[in-house]
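For ligands, and for the atoms within them, numbers begin at 1 and follow the listed sequence.
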Amino acid sequence: MQYSNELTTTWQTPSNIAIVKYWGKREVQEPVNPSISFSLSAARTTTKITISPREEGGFLFLLDGKETTGFDTKIKKFLELVQGRLPIIKNHFLKIESSNTFPHSTGIASSASSMSALAFCLADLQQQTNRKHPLNISEVSSLARLGSGSAARSVFGGWNLWGRLSEIPESSDHYAIPAPVSVAPVFQTFHDDILIVNSTTKPVSSSAGHALMNNHPFRDGRINQAHTNALNLLKHLETGNLDAFIELAESEALSLHALMMSSSPSYTLLQPNSLILIEKIREFRKTNDIPVCFTMDAGPNIHLLYPHEFSEKVKEWQERQLKPLCEEGRIIRDFVGKGPQKIINS
Ligand code: DP6
């Protein structure tokens with residue numbers, strides 16, 4: 001179908017932080033293990049897509065209003081993967097305008113929010129051509145997954161599960177679902193302060209890291225560990241068990257980095273200040289009996305996690321003890337956030 005007029009839509013979607021980590025994948029973009037994350041409030045991407053008829057297709061990507069070619073390969077690959085399900089891509093030109101709420105060059109991955117925003121826009125535009133069906137969120141999650149695995153989880157607010165767990169029949173390797181438990185209030189307002197240790201681009205990409213899991217000596221053990229942790233985390237989220245949550249979250253984060261250190265070739269993304277921050281967080285927890293803990297992405301930055309009721313005490317300590325260990329004193333304060341939003345009249 002072709003249109004004489006342009007069609008446009010704008011979506012804002014959240015980034016997310018995983019507690020049980022997705023690490024390792026099968027074709028096409030299916031995870032080797034289930035992962036659980038929460039969507040963030042401050043770290044979000046807004047994307048507007050305008051399509052106009054053009055037989056040969058094609059796209060233009062603008063980041064913060066500036067034409068940018070750095071993401072072209074990733075976007076092109078994504079469009080190729082999804083065009084069978086989104087026929088509008090084939091005979092339209094796409095103008096993609098994107099911006100992130102979080103500052104650039106912080107070493108924070110934006111692929112979860114950017115790919116989910118792209119998926120929402122494209123699914124919405126496809127749906128505008130055939131209003132018979134409402135937007136199907138599982139389908140959007142599945143499309144987002146093809147752009148970046150973690151993006152599959154950025155289609156809802158709150159806590160989400162992506163990946164098959166035989167104990168949870170509605171779970172899937174193809175798309176995420178909201179955590180299938182009633183999440184205790186303490187985890188609905190959880191904080192995630194990102195302590196920026198180093199903002200430069202990491203030496204080994206997540207995609208390369210996933211690939212190193214294919215022949216990893218601990219592969220089977222890791223898959224079992226993630227299954228057990230995913231089931232246990234759901235239990236802790238429901239019962240509000242903070243001690244068990246802390247133990248699990250830190251073990252997952254350190255296991256992720258241990259997998260990188262024991263892959264072939266091996267590599268380290270942790271930096272001296274990452275380790276000092278970890279020690280300080282554990283020491284503060286022990287000395288003050290305040291339930292702070294950490295998680296990490298595939299990078300040197302530390303995510304400081306804690307319940308909302310301890311915000312004041314944490315902030316005071318953070319300013320004094322943690323900030324000096326961060327690059328240019330940079331900390332990004334975030335917390336559990338809401339789901340994607342369609343922006344009207346952008
Ligand atoms: C460590 O989703 O960035 O953050 O699917 O190759 O785009 P691709 O990988 P990506 O991997 C994220 C890995 C992680 C853990 C997680 O978010 O679950």
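Asp124 contributes no side-chain N or O that, together with a main-chain N or O of Phe120, makes up a donor-acceptor pair within less than 3.5 Å. When atom types are taken as modelled, the side chain of Asp334 and the backbone of Ser41 share a donor-acceptor pair closer than 3.5 angstrom.
An N or O contact shorter than 3.5 Å links His210 to ligand 1 by distance. Annotation: Ser207 places an N or O atom under 3.5 Å from an N or O atom of ligand 1; distance criterion only.
Interatomic distance, OG of Ser274 versus CE of Met296, reported as 7.5 Å (0.5 Å rounding).
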query: When you look at Phe190 and Phe245, which way does the ring pair (Phe, Tyr, Trp, His ring centres under 6.0 Å) test go after all the steps?
result: CA-CA 12 Å; Phe190 227 55; Phe245 173 89; 5.2 Å; yes
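Contact annotation: for Ser148 versus ligand 1, heavy atoms closer than 4.0 Å belong to both the backbone and the side chain. At a heavy-atom distance under 4.0 Å, atoms from both the backbone and the side chain of Ser150 approach ligand 1. Contacts between Ala18 and ligand 1 below 4.0 angstrom, taking non-hydrogen atoms only, involve the side chain exclusively.
Between Arg330 and Ser199, the side chains place no donor N or O within less than 3.5 Å of an acceptor N or O (distance only, hydrogens not considered).
Residue contacts with ligand 1: Lys25 is included, with a non-hydrogen atom under 4.0 Å away.
Considering all non-hydrogen atoms of both residues, Leu40 and Arg44 come closest at O-NH1, 3.4 Å.
Under the side chain to side chain donor-acceptor pair (under 3.5 Å) test applied with Gln318, the options Lys323, Lys280, Arg333 reduce to a single match, Arg333.
Across His257, Arg153, Lys74, Met296, heavy-atom proximity to atom 16 (C) of ligand 1 is greatest for Arg153.
For ligand 1, the atoms lying closer than 4.0 Å to a non-hydrogen atom of Ser111 are 3 (O). Within ligand 1, counting atoms from 1 as listed, the ones closer than 4.0 Å to a heavy atom of Gly149 are 2 (O), 5 (O), 7 (O), 8 (P).
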